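Notes to accompany the following structure.
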Amino acid sequence: MYKVMLIDDDVPMLKVLQQMIEWEQLDLHVAASTFSSVKALHLFKETMPDIVITDIGLPKKNGIELAAEFTAIKPGVRIIFLTCHEEFHYAQQAVKLDADDYLIKDQLTADQLEESLGKSVARLKGRKTEGGTDSDAYSIELQKRALFQMIMDGADLEKTRAYASRAQIEWPYSCFMMGMIHLRYSDYELLYNRSNIPLIRYAIYNIALEIAQSYKGITPFIDPEHFMVLYNYRQNLAGNDQAYLQSYLNELLRQVTAYLRMTLQIVLVTDKLVLQAAGSVYQQIRSDKPEFYRMGQMAAASSSQLLGQLFYPLPQDFNAAFRGELERTILEKNTVEMREVLLRFGQEADSRRIEPEEWTEALVQLLREAEILFPRRKAEEEVYAYIGAARTMEDALELAVGRLERLAREQLGHAGGAAKSREPRLQVIQAFIDDHLSDNITSIDIAQYLYLNPSYFSRYFKRLTGLSFTDYVHQYKMKIAANMLKSSGQTLETLAVGLGYSDRAYFSKVFKKYIGFTPSQFKQKHQLVRKT
């Protein structure tokens, strides 16, 4: 019998997986399950499972990082990834993690799960003939990580050549050229959830590696938030080295668009670099964002041009000139002028060469103030995280404009949404939730209650409410919890158990996700309000 480990930071999803199939009949045993990526590593060492089913978007350590560590501990362990995004099949074409499958949570059926597990079992039975390829590949990637760190520390070429060789990289020449690659978040947010960023980045990295096989001297690297490409070349009179690296980067752009339906932001450092200086140039560009005010997908310039730019502090009351205009366009429901105001907000920053991080913070503040004018708005903190990470003003503005335009559309369509909420079956579902507040109910439970196929119910509910069933239940319970914290003297433990959360830490995590504060912070805030 093969041992299976389940990992998902959403506890109801763990229950769904355990309920979905008859594990023992498939010669499988769920040896461990956890919602914590930290506990997952400990449980893996303790149980040494043969198959791991893990969510990708885990906090602290994502599923991809965990899978790499599991493979290092037990080469040959089979991995099945879970993701919550419906458009994931685009990324699936690009990712080569040697995982057995990538399953979409909201569309998952018992047949799909059994089929994926069947692939894993088949590979486990045949693993004796496969050799140590998984372990070898992981070892090479570890060598690349060590090499990347040496470059960041300013090691010279002679010291790094041995490490490069272990990672199957040959650097025979002394000249290097650099490319830096970043996500364009205004494209990303339209297609994927924030939790899938690690997976999408890994997909891009794999595309970059595959293209590099056809480009001699080009080596892609990945670090926690960015990508770097180094081109080792011999100078020649033709001077076509920049064109060669640019050709590689253009092909990367083309394939990422084809596979993932999104674009990238690229910085091409065009001058000759010695390896010892490459890490310093990379880190300074990464922190200063010298390409911030440049338009288009690729900013190509020498390191002195990029790093020699001067930025200036944000003037006091910079937002004041735009705040009133933006509020007027929102109240008038004029989305065309709304966009124009934000564009002028960016143009003014460009003309004054305002320090990018300070201007980005000012944009977030302006956007938060504008959101107050939409009384029925849904919290969308992801947008602010994307704006903070955006590498260009163009990308940040597109995110801000997109957020306000969505809010405007939601307000216009609210009447239709209210009619939809009176749909009879939704009232039955709501009554079921109310009757089982202290239970950890799942979409399978309610599907059985309604005599519906669980997969069909998940899709139906998402169309009906715009949320997954799990998100809907969490959100509903957290609103109840918030009201009880305001008016009730219950302890946090009693409140959590009464709403079906046996683990206080998990309850606090869910509360913060949907309310924006921890239960303690929320309670303190409302106690202060009552006192004043």
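Everything quoted here is computed from the prediction, not taken from an experiment.
Residues forming a salt bridge (charged side-chain N to carboxylate O under 4.0 Å, His left out) with R406 (at least two apart in sequence, or on another chain): E189, E380. Remark: V364 pairs with R368, Y384, I387 by the side-chain contact (heavy atoms from CB on, under 4.5 Å) rule, at least two apart or across chains. Not counting sequence neighbours, the partners of S37 by the side-chain contact (heavy atoms from CB on, under 4.5 Å) test are L58, K60, K61, L66. Checked against side-chain contact (heavy atoms from CB on, under 4.5 Å), D434 has the following partners two or more places apart in sequence or in another chain: Q430, Y476. Checked against side-chain hydrogen bond (donor to acceptor under 3.5 Å, both in side chains), K119 has the following partners two or more places apart in sequence or in another chain: D101. A search for side-chain contact (heavy atoms from CB on, under 4.5 Å) contacts involving I73 returns L41, F44, K45, M48, not counting sequence neighbours. Scanning for ring pair (Phe, Tyr, Trp, His ring centres under 6.0 Å) contacts around F221 gives F148, with sequence neighbours left out. Shown here are the side-chain hydrogen bond (donor to acceptor under 3.5 Å, both in side chains) partners of Y282, two or more places apart in sequence or in another chain: D223. Listed by chain and number, the residues in a salt bridge (charged side-chain N to carboxylate O under 4.0 Å, His left out) with E398 are R339 (sequence neighbours excluded).
Looking only at distances, a side-chain donor or acceptor of Y188 sits under 3.5 Å from a matching main-chain atom of I197. Side chain of Q112 to backbone of T109: a donor-acceptor contact under 3.5 angstrom is found. A distance-only check finds no donor-acceptor pair linking the side chain of N334 to the backbone of I330 [under 3.5 Å]. Panel note: side chain Q19, backbone I444; no donor-acceptor pair is recorded below 3.5 Å. In terms of modelled atom types and a separation under 3.5 Å, the side chain of E358 and the main chain of L314 share a donor-acceptor contact. With hydrogens and angles disregarded, a donor-acceptor distance shorter than 3.5 Å links the side chain of D50 to the backbone of K3. Side chain of Y293 to backbone of I354: a donor-acceptor contact under 3.5 angstrom is found.
Contact annotation: the side chain of T442 never approaches that of F469 to less than 4.5 Å [non-hydrogen atoms, C-beta and beyond]. Contact check for E357 versus K289: side-chain heavy atoms found under the 4.5 Å cut-off. At a threshold of 4.5 Å between non-hydrogen side-chain atoms, the residues T54 and L82 do not count as touching. Put simply, the side chain of L6 reaches to within 4.5 Å of the side chain of V4, judged on heavy atoms. Residues I80 and V52 form no side-chain contact, since every pair of their non-hydrogen atoms from C-beta on lies 4.5 Å or further apart. Counting heavy atoms from C-beta outward, L108 and M13 have side chains that approach closer than 4.5 Å. In this structure the side chain of V383 never reaches within 4.5 angstrom of the side chain of Y185, judged on heavy atoms.
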| request: Tell me, with the steps shown, if I7 and L14 meet side-chain contact (heavy atoms from CB on, under 4.5 Å). | output: CA-CA 7 Å; I7 310 167; L14 291 175; 5.8 Å; no

| Which is it for L499 and L495 under the side-chain contact (heavy atoms from CB on, under 4.5 Å) test, yes or no, and what are the steps along the way? | CA-CA 6 Å; L499 290 172; L495 180 58; 4.1 Å; yes

| said: Run M228 and H226 through side-chain contact (heavy atoms from CB on, under 4.5 Å) and show every step you take. | reply: CA-CA 7 Å; M228 178 177 75; H226 307 271; over 6 Å; no

| request: Just do the salt bridge (Lys or Arg N to Asp or Glu O under 4.0 Å) check on E348 and R352 with the steps written out, would you? | output: CA-CA 6 Å; E348 183 67 17; R352 292 172 178 246; 2.6 Å; yes

| request: Give the C-alpha distance, both sets of side-chain angles, the deciding distance and a yes or no for side-chain contact (heavy atoms from CB on, under 4.5 Å) between L326 and L367. | output: CA-CA 9 Å; L326 188 59; L367 193 58; 6.0 Å; no

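Atoms OG1 and CG, on T360 and L399 in that order, are 10.5 Å from each other to the nearest 0.5 Å. In this structure, OG in S468 is found 10.0 Å from CD in Q475, a value given to the nearest 0.5 Å. Put simply, CE on M262 and CG on L264 are 6.0 Å apart, with the number rounded to the nearest 0.5 Å. We find the OG-CD1 distance between S33 and I53 to be 11.0 Å, quoted to the nearest 0.5 Å. The OG1 atom of T518 sits 6.5 Å away from atom NZ of K512, with the distance rounded to the nearest 0.5 Å. We find the CH2-CG distance between W359 and N319 to be 10.0 Å, quoted to the nearest 0.5 Å.
Electrostatic pairing of R323 and E327 does not count as a salt bridge here, judged by no charged N lying under 4.0 Å from a carboxylate O. Using a cut-off of 4.0 Å between Lys/Arg side-chain N and Asp/Glu carboxylate O, E332 and R328 are scored as salt-bridged. A salt bridge is absent between R261 and D187: the closest approach of a Lys/Arg side-chain nitrogen to an acidic carboxylate oxygen does not fall below 4.0 angstrom. A salt bridge does not link D10 to K105: none of the charged side-chain nitrogens sits closer than 4.0 Å to a carboxylate oxygen.
Counted within 6.0 Å of NZ on K513, heavy atoms from surrounding residues, nucleotides or ligands total 12 or fewer; the atom is thus considered open. Residue F432 qualifies as enclosed at atom CZ: its count of foreign heavy atoms under 6.0 Å is above 12.
Taking the six-membered ring where the residue is Trp, Y472 and F461 present perpendicular rings, their angle passing 60° and hence far from 30°.
Cation-pi geometry between R391 and F292 is not met: the NZ or CZ atom fails to fall both under 6.0 Å from the ring centre and inside 45° of the normal. The cationic atom of K477 (NZ for Lys, CZ for Arg) lies less than 6.0 Å from the six-membered ring centre of Y501 and within 45° of the ring axis.
Contact detail for F227 and I222: the closest heavy-atom pair is CE2-CD1, 3.6 Å. For F511 against A481, the heavy-atom pair with the smallest separation is CE1-CB, 3.9 Å. Heavy atoms only, all atoms of each residue included: N62 and P198 are closest at ND2-CB, 3.2 Å. A pairwise comparison of heavy atoms in Y514 and H474 identifies CE1-CB, 3.4 Å as the closest pair. Considering all non-hydrogen atoms of both residues, V16 and S443 come closest at CG2-OG, 4.4 Å. Of all heavy-atom pairs spanning F507 and P519, the tightest one is CE2-CG, 4.1 Å.
Listed by first then second residue, pairs satisfying salt bridge (charged side-chain N to carboxylate O under 4.0 Å, His left out) with a partner in residues 497-508 read E493-R504, not counting sequence neighbours. Evaluation of the salt bridge (charged side-chain N to carboxylate O under 4.0 Å, His left out) test over residues 14-29, restricted to residues two or more places apart or in two chains, returns K15-D445. Sorted by first and then second residue, the pairs that involve residues 18-43 and meet ring-ring contact (aromatic ring centres under 6.0 Å, His included), not counting sequence neighbours, are F35-Y506.
Ring to ring, F345 and F318 are close: their centroids are under 6.0 angstrom apart.
Side-chain contact annotation: S120 with D100, donor-acceptor N/O pair under 3.5 Å present.
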